[in-house]
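By convention in this document, chain letters (A, B, ...) are assigned in the order of the sequence lines, proteins followed by strands, and residues within each chain are numbered from 1.
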4 protein chains.
Amino acid sequence: MRADAQRNRARILDAAETVFAELGPGGSTEEVARRAGVAVGTVFRHFPTKDDLLAAIMKRLLARLVAEAGELGGPDGLVRFLTSLVAQAAGKRSVVELLARSGIGLSLPDVVGNLRDAVAALLSQAQEAGTVSREVRLPEVMALLVSLCQGALHGGWDEQLRDRTLAVVFKGLEP
Amino acid sequence: MRADAQRNRARILDAAETVFAELGPGGSTEEVARRAGVAVGTVFRHFPTKDDLLAAIMKRLLARLVAEAGELGGPDGLVRFLTSLVAQAAGKRSVVELLARSGIGLSLPDVVGNLRDAVAALLSQAQEAGTVSREVRLPEVMALLVSLCQGALHGGWDEQLRDRTLAVVFKGLEP
Amino acid sequence: MRADAQRNRARILDAAETVFAELGPGGSTEEVARRAGVAVGTVFRHFPTKDDLLAAIMKRLLARLVAEAGELGGPDGLVRFLTSLVAQAAGKRSVVELLARSGIGLSLPDVVGNLRDAVAALLSQAQEAGTVSREVRLPEVMALLVSLCQGALHGGWDEQLRDRTLAVVFKGLEP
Amino acid sequence: MRADAQRNRARILDAAETVFAELGPGGSTEEVARRAGVAVGTVFRHFPTKDDLLAAIMKRLLARLVAEAGELGGPDGLVRFLTSLVAQAAGKRSVVELLARSGIGLSLPDVVGNLRDAVAALLSQAQEAGTVSREVRLPEVMALLVSLCQGALHGGWDEQLRDRTLAVVFKGLEP
DNA sequence: TATGAATGAGAGTTCATTCAT
DNA sequence: GATGAATGAACTCTCATTCAT
């Protein structure tokens, strides 16, 4: 791939992230192109389908999450990760909706898998440290993660409400 | 209103509930009409705007929830209500998305208010009975309610996952 | 025809005149029915087609004009009639547009004929009295009449402009 | 703009002129597209709104009129211009109706202003030459212009009637 | 006869996608 | 590779007209 193509790809992804964050998946491809400073055709050359574009955004965002999770660790790594995630969710309409949709039309098994692995690691560490009950298993942690992101996104929570809500969940995770 | 009009109104609402459950709020009015066995014009006569239709569905569903909440009570009323709600959520794409959107374009303050009141009552009772911690307040209960519905809806949870996820939350609510 | 039917017919015509005056021929039949205090079906029972309704309005209005023309007379009858007509035009969107459309889809030969006859009489009298040139013939008078009504209607003339414009035409009619 | 786009734009305007001339502003955008040999989307790409299309037609036609007026001049320039205008009016349903409507939803101040200026020039020249009375002012000339176009359009005048009608008006303009 | 709910063709408009330039 | 004009199906909504009540 040529250098400018690479650059375009990145600009398109950035623009798409912004557009879909603002307008939801209903945001138009044309708008994405406009903000990326390219023509529609270019968007479709890189991502043959709108869903491909959405999937690519997802992938990139999940990769970031995985990286972030990887950097955390220790007794309260899981708690901090969840907190950070939920705090971000409100501004990322697309991620959350896409995270939710994963499995429907989009295929992102590997990336979601990576996230799952990263969270699994955090969970283990927390359980080792005695911060989280050993009865808790990965699936429900993932389920809570998705739920809370959705809630934060759509609910318009302020910081206080977010903390109080997470507090309930975190207490539920304790041994 | 005439008897047949009343019947059509109900059929339209039923059809709309199904359609929007399957396709989300993006489902077309034409499809609603088709499944209701009426012409588009009839749908628009009853609900001048698509949003009016969505609002009407919401209203009906929330009213049902409120009624259901009203029938419950006692120490574990809140827990049972949340469980039932989350179990239903999976099939009701529109409700959940609309519940989340309430306050944006749709105006359903009274009905949402009613639900809030009903949940408040259940919360009080649970706290009186010592089932739920007195530190928990209504806003976070509502936030958890919405979050879990979203999660259940989009996550494709099976019964087991649902129970395990709720278990964490319920444990978090305990005194 | 029953008495109440007769009454409804009149109320519908009155309502239609108002509605079409305000909204032009684009005004909806439903709106006419609403203002007449009857149901749409009733409107269509009396006037099987929207065009029939428009034609009926036309007919009534032209009849009034004919009557008005009949009451005038003398040397300046024509001038006074034209002035009055143009003054009325601004408020009667439908009349003018319909008067213009006559011959297209609507068939109002007799009523238009009556108006033509009435104007012819005024013209003769004016010519007898030497107020209007004998070279002027009926067709151009009718043409001017229609033109000026249209102009007054769409142009938003104030009284002064109307008078100045008519002055030019009247001067053109002099011997 | 690309060459083919330019060509399409022109074809759309031509088609629109024809369609609206035949059917009035009620003519459908789809019909315009069909006659222009393009898809509806193309029409809307060039003219985002139907009113934009109508305005564009207006603009083009008025510009032509202004140009035509600019080429005329001399003692009988005004008379020749009005004659030519009225002769054209019959085939241009949309222009006339839009000219009348200008100021309502459409914004064409500059173009209408240009026409006004051009007519003002013709009027001055005619008054200088003694062909038109100095008492006549621009507003009533514009009013007559619009009125006569409307009349010619809707009245179905033949050439003879047109000339006789104009003769009256022209006589009214003389000193 | 009156009512007003139902009909359904059609209008304006949007947008993912294609393809000539 | 990039451009952006063209496509056309789909969508919401309107309204003259019909017909069961």
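Rounding to whole angstrom units, CD of residue D:Q6 and C1' of F:dA6 are separated by 16 Å. Note: CZ (A:R11) to C1' (F:dT3) measures 14 Å, nearest angstrom. Following rounding to the nearest Å, A:R7 (CZ) and F:dA2 (C1') show an atom-to-atom distance of 13 Å. To the nearest angstrom, P of E:dA16 lies 11 Å from CG of A:L23. One can place CZ of D:F47 at 16 Å from C1' of E:dG12, the figure rounded to the nearest angstrom. Here the C1' atom of nucleotide F:dC13 and the CD atom of B:E30 are 11 Å apart, to the nearest Å. Remark: P of E:dT3 and CG of B:D4 are 17 Å apart, rounded to the nearest angstrom. Straight-line distance from the CZ atom of A:R34 to the P atom of F:dT3: 14 Å, rounded to whole Å.
The side chain of B:N8 lies closest to E:dA5, out of F:dA5, E:dA5, E:dA16. Closest to the side chain of D:V40, out of F:dA5, E:dA2, E:dT13, is E:dT13. The B:R45 side chain lies nearest to E:dA5 when the options are E:dT13, E:dA5, F:dT17. Side-chain proximity of C:F44 to F:dT18, E:dA16, E:dG12: nearest is F:dT18. Closest contact between the side chain of B:A5 and the listed nucleotides E:dA6, E:dT13, F:dA5 involves E:dA6. The side chain of D:V38 lies closest to F:dT7 when the candidates are F:dT7, F:dC13, E:dA5.
Taking side-chain N and O atoms only, A:H46 has no distance below 4.0 Å to OP1 or OP2 of F:dG1.
Side-chain contact between A:F47 and A:L54 is absent, with no heavy atoms from C-beta onward closer than 4.5 Å. Annotation: side chain of A:R60 is in contact with side chain of A:D14 (closest heavy-atom distance under 4.5 Å).
Side-chain N or O atoms of C:K50 include none that pairs as donor or acceptor with a backbone N or O of C:F44 at under 3.5 Å. Within the 3.5 Å criterion, the main-chain N or O of D:T49 finds a donor-acceptor partner in the side chain of D:D52.
The pair D:R35-D:E31 counts as a salt bridge, with a side-chain nitrogen and a carboxylate oxygen less than 4.0 angstrom apart. A salt bridge is defined here as a Lys NZ or Arg NE, NH1 or NH2 lying under 4.0 Å from an Asp or Glu carboxylate O, and D:R64 with D:E17 meets this definition.
Residue B:T29 is classed as a sugar-phosphate contact, given heavy-atom separations below 4.0 Å to backbone atoms only. Contacts of C:T42 with the nucleic acid, taken as non-hydrogen atoms under 4.0 Å apart, include base atoms.
Residue-to-nucleotide proximity on DNA chain F shows that, of C:T49 and D:V43, the 5′-proximal contact is made by D:V43. Nucleotides of DNA chain E nearest to A:G41 and A:S28 differ in position, and the one nearer the 5' end is that of A:S28. Checking D:G37 against C:K50, the closest nucleotide of DNA chain F that is more toward the 5' end is the one next to D:G37.
Base pairing of E:dG10: its partner is F:dC13, meeting the Watson-Crick or G-U wobble criterion (both donor-acceptor distances under 3.5 Å). Base pairing annotation: F:dT21 forms a Watson-Crick or G-U wobble pair with E:dA2, both donor-acceptor distances under 3.5 Å.
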